[in-house]
Each structure stands twice: as C-alpha cells, then as structure tokens.
Amino acid sequence: MAVITYREALNQALAEEMERDDSVFLMGEEVAEYDGAYKVSKGLLDQFGERRVVDSPISELGFAGLGVGAAMVGLRPIIEFMTFNFSILALDQVLNSAAKMLYMSGGQISCPMVFRGPTGAALQLSAQHSQACEIWYVHAPGIKVVTPATPADAKGLLKASIRDNDPVAFMEGELLYNLKGEVPDPDDGDFIIPLGVADLKREGEHISIITHGKMVHVALQAASKLEKDGIEADVLDLRTLRPLDVDAILATVRKTNRAVYLEEGWPWGGVGSQIVSIIQDEAFDDLDAPVVRVTQADVPMPYAKNLEQIAKPSVDRVIAACNRVLYRNS
Amino acid sequence: MTFPPSPPLPDESHARALLRSMILIRRFEEKCAELYTRQKIRGFLHLYIGEEAVAAGSLPVLEPRDSVVATYREHGQALARGVPATTIMAEMYGRKEGCARGRGGSMHIFDAETRFYGGNAIVAGGLPLAAGLALAAQMKGEDRVTACYFGDGAMAEGEFHESMNLAALWDLPLLFCCENNLYAMGTALAIAHAETDLALRATSYGMPAWAVDGMDVLAVEDATRRAVQSIRAGGGPHFLEFRTYRFRPHSMFDPELYRSREEVSEWKKRDPIPLLADRMRQAGMLDDDALAALESEVTAEVEEAVTFAEEGSWEPVEELTRFVHSETGGAP
C-alpha cells in the first residue's frame with residue numbers, strides 16, 4: 001500500500017491503462033500541454049505523445065462526439081471535461097449518441113469510452129460552476145455512472161471504467177483531488193474495482209446513511225459525531241449509480257431499518273428519489289421510519305459564503321435528518 | 001448558379017449502374033410511401049425522392065474500407081452503399097431481421113458490415129461522429145475516408161461549426177457532403193442562413209469546398225472522385241455542396257405550404273433519372289427495352305425486400321432490454 005492523492009490515483013490509472021492498451025487515448029481541453037486543468041493528466045503527454053494525449057479546442061459537443069465516433073470503431077477514448085458543468089454542452093452526443101448507439105443499432109455498434117472530470121460544487125464558484133451533474137447522466141439507460149470518493153476507489157474504478165465496453169460517466173470531485181489515502185501498490189498487480197459494487201465505508205446498527213461521491217466524507221463526519229451520542233451509523237457508498245448495487249442498499253436497510261439518502265444534487269428528480277423508490281418497493285416492511293433525503297437546497301448555487309454554506313448539504317443537516325429518522329430530539 | 005459542363009458519359013455498364021442505383025432508390029421509396037399509407041411502416045418516414053443523384057453518384061466512389069454517416073433521410077445512402085434492401089425494409093417493418101433488429105426504424109439504419117454508421121435523427125448529430133470515425137482512422141494509420149451526409153439545415157447548428165473546425169484543425173480524412181435541398185423541413189435557406197452560399201462558408205474553415213450540380217449524377221461522381229482522391233493523398237477534409245431538391249414533402253405529414261407547385265415542377269424538369277437516361281439514349285446506350293429490363297430488375301429487388309419484411313418475425317418481447325449494455329465484459 002502507498003499513500004497517494006486522489007489526483008495521483010487517477011493519474012496512475014490513466015497511465016497504466018494507456019500503457020496496457022494502445023487503443024486508449026485521452027482528449028479534452030488542456031489535457032496535454034497544460035497537464036490538465038486539475039493536473040490529473042500530468043506527465044501523460046511526455047509519456048504517450050500527442051497522438052494519445054490530445055488537446056482539444058473549447059468544443060465540448062464536438063470533441064465528445066469525436067470520441068463517440070472513435071469508440072464506434074474500436075478505440076477507447078477518455079474524454080475529459082474540464083468540469084462536468086461544461087459537459088451540459090455535450091449532452092446531445094452523450095445521451096443521443098453514446099448511450100443509445102448499441103441499442104438503436106440492434107447490438108452492432110458499441111461505444112467503449114469514458115467521459116470524466118469533476119462534478120459538484122467546490123468553493124464559492126457560484127451557479128454555473130457548482131452543480132452535481134450525476135442526474136443528467138444517470139437518467140439515461142445505456143450509460144454507466146461512477147462516482148469515486150477515495151483515492152483507492154478512484155484508481156480501481158477508473159481502470160474498470162476504461163476497460164468497460166459501454167460508455168461510462170466517471171464523476172470526480174474537485175475538492176477530492178488533494179485527498180490522500182491508501183492505494184495498492186502497482187507492483188502488487190492490477191488493481192480493479194468492478195462497477196456495480198457498493199462499499200460499506202463504516203458499520204453501525206442504528207441507521208443507514210446511503211450516499212455517493214464526495215458526500216461520503218460528509219456522511220462519515222456526521223457518523224463520527226453521531227457516535228458520540230451513542231448512535232452507530234452504517235455509511236454505504238454506492239460508488240456506481242449505474243449499475244446500482246441494490247442488494248447492498250437493501251442489506252443495510254434491513255439491518256438498521258432506518259435510512260437517510262445524502263447527495264450533492266438538487267432534490268427534484270434526484271438520485272435519492274430513485275433510491276427511496278427502490279427502498280419502499282423492496283423493503284417497505286423493514287422500515288421503522290420514512291426515508292429522508294438530504295440534498296442541495298432547491299436553488300442555483302449562490303456565491304456568498306454564508307449562502308453557499310446553507311445551500312449545500314452539511315454535516316449538521318445530515319445529523320438533523322438522522323435524528324428525524326430516529327425520532328430523536330437533537 | 002451555373003455549373004461547369006457535365007462530365008462526359010462513362011462506358012455503358014458504368015452508366016447503367018448509376019441509372020440502376022437511382023431507379024432502385026426511387027422505386028424502393030415509392031414502395032415505402034405506399035407501405036406507409038397501408039400502415040406497414042410507421043414512425044417518421046423521410047423520402048429522398050429527387051435527390052437520388054447525390055447518393056448514387058457519390059457513394060460508389062468510396063471503397064468498402066471507408067465509412068459512411070448519414071441522416072434520418074438515409075434510405076438512399078444505405079442502398080447506394082450496399083446495405084441490403086431486404087434488411088432495410090425489414091427494419092422499417094420493425095422486424096427482428098431488420099438491420100437494427102427493429103430497434104431503429106427508418107431513421108436509424110445501421111450496418112456494421114458495410115461500415116454504414118447511421119441513420120442519425122438529430123440534425124447535425126452525425127457530424128462529430130463522422131469526424132470521430134475519421135480521427136480513429138488517422139490515429140490507427142488506416143487508409144479510410146469517412147463520408148458524412150447532412151442537409152443545409154445542419155449548417156445552422158453548433159455541431160456543424162465544431163466538426164468543421166476540428167476536422168480542418170486536425171486534417172481529418174473526412175468528406176463533408178452537404179445536400180442542399182433548399183429547405184430545412186419547411187424553412188427556406190434564406191430564412192435560416194445569413195450567408196446562403198454554403199460552400200463559401202465552408203471555405204472559411206480553411207478546407208477546399210465547392211458547389212456541385214446535385215441533380216447530375218455524373219457531376220456528383222466527378223466531384224466526389226476528385227475530393228476523395230485529394231483526401232486520400234493527405235489533403236485533409238473537403239466539403240461538397242450538392243445542390244439538389246426534394247420532390248416529396250419533408251415527411252409524411254407535410255402539406256408543403258412553404259413552396260409553390262410551380263417551383264416543384266420546375267425542379268422536376270431536372271429529375272436526375274431522366275437527365276441521365278436521356279443522355280444515355282442519345283449516346284445509344286439505352287433504349288425502351290433496356291430501360292424496361294432495368295425497371296423490372298429493380299422491381300424484383302424491391303418486391304424481394306417487401307417479401308422478406310412481410311415474412312420476418314418480431315423480436316421476442318423478452319429481448320426488450322437486450323443491447324442497452326454490451327453483452328461481453330470489459331477489454332481483456
């Protein structure tokens with residue numbers, strides 16, 4: 001095991017997969033000469049050359065579509081969005097081409113490719129640079145959605161995503177890039193985490209906090225505070241939203257009988273809406289209380305620090321939600 | 001606009017092949033219209049009738065190793081590329097034997113065998129894909145040209161601009177085939193474009209571009225040959241504006257309020273099929289018997305396609321979710 005940052009873990013995954021398979025290439029804004037806007041692709045241009053690390057002009061729709069076209073004939077493009085906020089410009093190619101190609105061609109043409117970059121809010125970047133984009137992607141059948149929370153997950157899941165034969169939206173966290181954590185050493189063999197397997201990041205018996213991506217850390221902090229009050233929480237990190245580990249969700253709910261869904265996105269049509277629906281379909285009789293969701297406030301993200309803080313899901317709001325589900329006075 | 005003089009007639013067998021290809025598209029689509037009114041074909045159906053010279057003249061210039069991307073008005077390109085009429089018709093019937101197993105319909109004809117990559121029903125949506133196919137060829141060092149068909153309407157889209165810029169910037173082996181039929185659905189060119197000289201606009205990206213008489217199959221073939229030769233020689237992307245005309249409504253639900261009957265009949269005087277057939281007659285390459293023989297050959301092919309579709313089966317409903325994801329795992 002080595003302790004490295006989330007950024008380094010992603011960089012290792014890219015380098016290892018590009019080394020392993022000549023059909024893998026990276027394309028996006030500032031990925032080559034600049035080493036990536038967040039330095040995730042640092043050194044890759046030197047290592048792999050300009051054919052495989054391609055700087056694109058600011059044409060999200062265009063280069064996303066070029067990636068789809070290249071994937072249709074067997075290459076494995078990794079399309080970096082500087083942030084997923086900008087990927088909204090590319091959604092026609094993601095949703096209408098990549099996600100549907102295999103189906104509408106009757107199984108003839110697949111799109112093995114990864115769209116990756118940071119999603120969600122950072123700090124005081126305001127409305128157009130602070131949105132959790134998972135829901136745009138997870139809504140459409142045909143595309144897989146991966147949201148790693150730790151350096152190890154980032155590496156193992158990115159390697160699996162690059163090898164997957166379907167399009168994958170791989171959504172990182174801007175505030176996670178400097179996060180350090182243990183990652184298996186490359187010399188110990190290929191480290192792959194299969195898509196569709198959730199991870200219980202903390203075990204408890206009283207309540208389940210189910211979440212994904214950067215919010216895993218908020219959930220863990222909330223769980224630590226709750227522990228001081230004698231409340232032990234399961235923290236289930238879904239890791240991939242499609243495919244979804246329904247069994248893991250049901251297992252934790254059946255264990256604790258109480259659940260909170262925590263996500264960074266807006267409440268309307270949120271990821272949590274689907275999770276809550278699954279829980280009430282499959283585990284209604286196991287519940288001792290209605291499931292509560294914690295989301296961003298239903299507003300575009302404001303700039304002012306005080307407003308931003310209250311708009312984002314926070315440890316305090318998670319604790320309040322847990323108390324509500326536990327019928328406990330805080 | 002005046003075009004250069006039409007190229008000379010090729011030899012008889014080649015001229016006959018061009019004529020046959022155009023007649024096949026025409027008769028196939030007339031049959032589609034009939035089957036639509038009989039409710040055998042449903043969904044949206046966009047007919048190519050009037051524009052046959054573009055597909056028939058340009059596609060045979062490509063090699064089997066080349067790739068093709070088209071729009072939702074793509075029966076003509078699919079047939080001229082060699083996608084079997086049987087599987088195209090079966091697809092329109094929604095049959096399991098259709099080229100996309102009934103998941104695509106008229107607007108999504110795909111055939112990996114002939115490298116026919118759709119069938120794209122988002123205006124201009126095929127352009128970045130085509131540029132991606134060309135990029136892949138360039139990256140792999142393969143000698144493949146990609147031909148991308150789109151209409152004048154696509155040139156108002158952002159995807160057009162992004163694809164043109166990227167293709168020119170990276171010298172991609174890509175042929176942009178703009179089928180300018182003067183109307184984007186019911187919106188005339190002048191209502192949609194500040195600059196209506198489309199080839200002129202294309203040159204602003206730094207790529208060779210010129211307008212071609214899209215009703216003259218020989219002019220289409222000649223222009224395509226020159227462009228493809230230049231692309232293969234490393235000349236980067238080229239743009240051809242085929243000036244053509246759609247004789248039929250935009251789709252099966254179009255009362256054609258935006259154009260006059262006089263305009264349509266004026267264009268029909270330049271119907272690409274008689275245009276070639278008359279020249280062949282004058283050159284002694286075609287007579288009534290030969291034309292009748294050709295027509296019956298084509299009719300038989302269309303009838304075979306209809307029979308194939310009629311006798312086809314439905315995909316079992318248990319297969320509804322098949323092909324949402326790949327059936328094989330990740331790369332080894």
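Every heavy atom of this structure was used, including side-chain atoms; hydrogens, water molecules and symmetry mates were not. Chain naming here is simple, since letters A, B, ... match the order of the sequence lines and numbering starts at 1 in each.
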Interchain contact, [X] with chain B, by part (heavy-atom threshold 4.5 Å):
| X | result |
| --- | --- |
| A/Ser97 | side chain |
| A/Ser56 | both |
| A/Ile109 | side chain |
| A/Ile143 | backbone |

Is it the side chain or the backbone of [X] that comes within 4.5 Å of chain A heavy atoms, both, or neither?
| X | answer |
| --- | --- |
| B/Leu135 | side chain |
| B/Asn120 | side chain |
| B/Leu127 | neither |

Most heavy-atom pairs under 4.5 Å with chain A, out of B/Leu172, B/Leu320, B/Thr321, belong to B/Leu320
Under 4.5 Å, counting heavy-atom pairs only, tell me which of B/His108, B/Met139, B/Arg101 racks up the most with chain A.
B/Met139
Does NZ or CZ of B/Arg42 fall inside the cone over B/Tyr36's six-membered ring, less than 6.0 Å from its centre and within 45° of the axis?
yes
Does A/Tyr103 have B/Arg103 sitting over its ring (NZ/CZ under 6.0 Å from centre, angle to axis within 45°)?
yes
Roughly how far, to the nearest 0.5 Å, is OG of A/Ser59 from CE of B/Met164?
13.5 Å
Report the option among A/Pro57, A/Pro77, A/Ser23, A/Ser110 that has the most heavy-atom pairs separated by less than 4.5 Å from atoms of chain B.
A/Pro57
Would a line drawn from the ring center of B/His75 to the ring center of B/Tyr48 be shorter than 6.0 Å?
no
Quick check on the 6.0 Å ring-centre criterion: do A/Tyr137 and A/Phe84 meet it?
yes
Quickly, which of A/Val145, A/Thr147, A/Ile275, A/Asp245 forms a side chain to side chain contact (heavy atoms under 4.5 Å, CB included) with A/Leu238? Name it, please.
A/Ile275
With a 4.0 Å cut-off, would you call B/Arg322 and B/Glu327 a salt bridge?
yes
